[in-house]
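A short write-up of the structure that comes next.
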Amino acid sequence: MRTVAVVGASLAGLSAARSLRNRGYDGRLVVIGDEAHRPYDRPPLSKEFLAGAIGEADLALERDDEELAAEWVLGVRATGLDSTERAIRLADGREVRADGVVIATGAAARTLPGTEGLAGVHVLRTLDDARALRDELARGGRLVVIGGGFIGAEVASTARALGLDVTVVEAAPTPLAGPLGEAMGRVLSGLHADHGVRLLCGAGVKGLGGERRVDSVLLEDGRGVPADIVVVGVGARPCVDWLQGSGVALDNGVKCGADGRTSLAGVVAVGDCANWYDPRVGIHRRVEHWTGALERPDAAVATLLAHGATAPGTPRPPYFWSDQYGVKIQFVGHAAGADSVTVEEGATEDRSFLAVYRRAGRPVAVLGMNQPRLFTRWRKQLATEAS
């Protein structure tokens, strides 16, 4: 291959670029990103950066001595992929021709329809999002977070530590029941009450009040929740619209094999936009976690450089962590399909425990709260059993 283009300049794209060089690729390398920023770390955006504890320089993912010999095309988004011409079309009219393509365009935060232009309403996905929200939180007031997932909970935790009055509105009966199951979702949601944050569950949002600036969140049951600031944390959608008509199969993102290969030869996908096949359970999964964006690109790059001739391996079980209200939360595996969950160490009421999810007696997932050492041992065990 004379030219490889990586479309997406966040962690997954940077990891792919690194893997290309580490595996001996010495041809032209073009990295395309729709943001003007060099690759940066996203997890701190909802925590340390939002709290003002670290600055933008601390988010940099590239090492000071790192030289990838890449052409960086930043601040312009990809609008199309011409598989016949092997060309990536850009919004400014340019084209980048490439023999190999790594799709790493990630995902975008979902918004509430009809809230465009209403001041005080935020999502949190990018550095620019975090800058705007940090400035607002510094002024204090009443914050309403719509969505009780991990991002919403982290924002609530950070804002509460900054002294804001915080309410979390969650449409489901139990926050985090999807990734963690009902029982453990209830345990984690208890952290909000522990720290004086109001949690309204089973509450759908009808709309937002206010003319030029938001002043309330209107619930479907008729209630109104006063708000000076609103953060919408209702998930993300994969950024794959630009691939329509390209021949790349799409299904909740880019549909991939267990090694990132797509339906088009010479094209692989990684990161939040990639719906990889999981041979352990025989289905495709889109893994939106930091470790997936760090680890999986190497397998995809190996496939790309071998022109698809490599045998797909088994991806490591997905792992993620969250810091909320001073509690370190770690999770590995898949809770869906587990028929039991048992606390193996500690106690849930102490907010320090380790729980193991099992299916037919076999561990399939592990959750830890303030149990990093024991969790690490279980994580290694789960990875060994999965390989």
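Just so it is clear, the model here is predicted, and its values are computed rather than measured. Below, each value reflects all heavy atoms present in this structure, side chains not excepted, and no hydrogens, waters or symmetry copies.
Residues Val356 and Val341 fail the side-chain proximity criterion, which asks for heavy atoms closer than 4.5 Å. Taking the side chain as every heavy atom from C-beta outward, Phe353 and Glu345 never approach each other to under 4.5 Å. Between Cys239 and Asp241 there is no side-chain heavy-atom pair separated by less than 4.5 Å. Two residues are said to be in side-chain contact when any heavy atoms from C-beta on lie closer than 4.5 Å; Val187 and Ser189 fail this criterion. Between Val102 and Leu304, some side-chain heavy-atom pair lies under the 4.5 Å cut-off. Taking the side chain as every heavy atom from C-beta outward, Phe331 and Val366 never approach each other to under 4.5 Å. At least one side-chain heavy atom of Arg18 sits under 4.5 Å from a side-chain heavy atom of Glu66. Using a 4.5 Å heavy-atom cutoff, the side chains of Leu188 and Leu367 are in contact.
Using modelled atom types and a 3.5 Å distance limit, the side chains of His289 and Asp272 yield no donor-acceptor pair. For the residue pair Thr342 and Glu344, a side-chain donor N or O sits within less than 3.5 Å of a side-chain acceptor on the partner. Thr126 and Asp129 form a side-chain donor-acceptor contact under 3.5 Å, judged by distance and modelled atom types alone. Remark: the Asn275 side chain and the Arg286 side chain contain no N/O donor-acceptor pair separated by less than 3.5 Å.
Thr105 contributes no side-chain N or O that, together with a main-chain N or O of Cys273, makes up a donor-acceptor pair within less than 3.5 Å. Remark: the backbone N or O of Leu243 is paired with a side-chain donor or acceptor of Ser246 at under 3.5 angstrom. Side-chain atoms of Arg351 come within 3.5 Å of backbone N or O of Thr348 as a donor-acceptor pair. The backbone N or O of Ile283 sits nowhere less than 3.5 Å from a side-chain atom of Asp278 that would complete a donor-acceptor pair. For the pair Lys47 (side chain) and Pro43 (backbone), a donor-acceptor distance under 3.5 Å is present. Side chain of Asp92 to main chain of Arg94: a donor-acceptor pair is present (N/O by atom type, distance under 3.5 Å, no hydrogens or angles). Proximity of a side-chain donor or acceptor of Glu85 to a complementary backbone N or O of Ala87 within less than 3.5 Å is not detected. Thr158 places a side-chain N or O within 3.5 Å of a backbone atom of Ser46 that can act as its donor or acceptor partner.
For Tyr325 and His192, the distance between ring centers is under 6.0 angstrom.
Interatomic distance, His122 NE2 to Leu143 CG, rounded to the nearest 0.5 Å: 9.0 Å. With values rounded to the nearest 0.5 angstrom, Trp290 atom CH2 is found 7.5 Å from Ser15 atom OG. One finds the CZ atom of Arg285 at 15.0 Å from the SG atom of Cys256 (value rounded to the nearest 0.5 Å). Taken to the nearest 0.5 Å, the CG atom of Asp228 stands 8.5 Å off from the CG atom of Leu164. Here the straight-line distance linking atom OH of Tyr25 with atom CZ of Arg2 works out to 9.5 Å at 0.5 Å rounding. Rounded to the nearest 0.5 Å, atoms CG (Leu374) and CZ (Arg379) are 14.0 Å apart.
The pair Arg142-Asp165 does not count as a salt bridge, with every side-chain nitrogen at least 4.0 angstrom from each carboxylate oxygen. The pair Asp298-Arg23 meets the salt-bridge criterion, since a charged nitrogen lies less than 4.0 angstrom from a carboxylate oxygen. Using a 4.0 Å cut-off between charged side-chain N and carboxylate O, Glu95 and Arg89 make no salt bridge. A salt bridge does not link Arg160 with Glu154: none of the charged nitrogens is closer than 4.0 Å to a carboxylate oxygen. We find that Arg358 and Asp339 are not joined by a salt bridge, their nearest charged nitrogen and carboxylate oxygen being 4.0 Å or further apart.
Using the six-membered ring where Trp is involved, Phe375 and Tyr319 have ring planes that are tilted, between 30° and 60° apart.
Val248 and Val270 are assigned to two separate hydrophobic clusters, defined by single-linkage of ILVMFWY side chains at heavy-atom distances under 4.5 Å. Side-chain heavy atoms closer than 4.5 Å link hydrophobic residues (I, L, V, M, F, W, Y) into clusters, and following such links, even through other members, never connects Met1 to Leu264. Hydrophobic clustering of Ile, Leu, Val, Met, Phe, Trp and Tyr side chains at less than 4.5 Å, counting indirect connections, unites Ile88 with Val240. Taken together through direct or relayed side-chain contacts under 4.5 Å among Ile, Leu, Val, Met, Phe, Trp and Tyr, Val168 and Leu137 form part of one hydrophobic cluster. Note on Leu294: it clusters hydrophobically with Trp321, by side-chain heavy-atom contacts below 4.5 Å among ILVMFWY residues.
Summarising the local packing, CD of Glu211 is surrounded by 12 or fewer heavy atoms from other residues, nucleotides or ligands at distances under 6.0 Å. Counting heavy atoms of neighbouring residues, nucleotides and ligands inside a 6.0 Å radius, atom CZ of Arg77 does not exceed 12 of them. In the displayed structure, Asp64 atom CG is contacted under 6.0 Å by at most 12 heavy atoms of other residues, nucleotides or ligands.
Annotation: cation-pi pair Arg296/Trp276 present, NZ/CZ under 6.0 Å from the ring centroid and within 45° of its normal.
Other residues sharing the hydrophobic cluster of Leu112, ordered by chain and number and joined by side-chain separations under 4.5 Å: Leu118, Val121, Val123, Val144, Ile146, Val169, Leu200, Val205, Leu208, Val214, Val217, Leu219, Val225, Val230, Val232, Val234.
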The test is salt bridge (charged side-chain N to carboxylate O under 4.0 Å, His left out); show your working for Arg86 and Asp99 and say whether it passes. CA-CA 7 Å; Arg86 309 296 295 179; Asp99 308 297; over 6 Å; no
Leu382 and Thr384: CA distance, side-chain angles, deciding distance, side-chain contact (heavy atoms from CB on, under 4.5 Å) verdict: CA-CA 5 Å; Leu382 209 64; Thr384 300; over 6 Å; no
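For Tyr40, the side-chain hydrogen bond (donor to acceptor under 3.5 Å, both in side chains) partners are Glu35, Arg42, not counting sequence neighbours.
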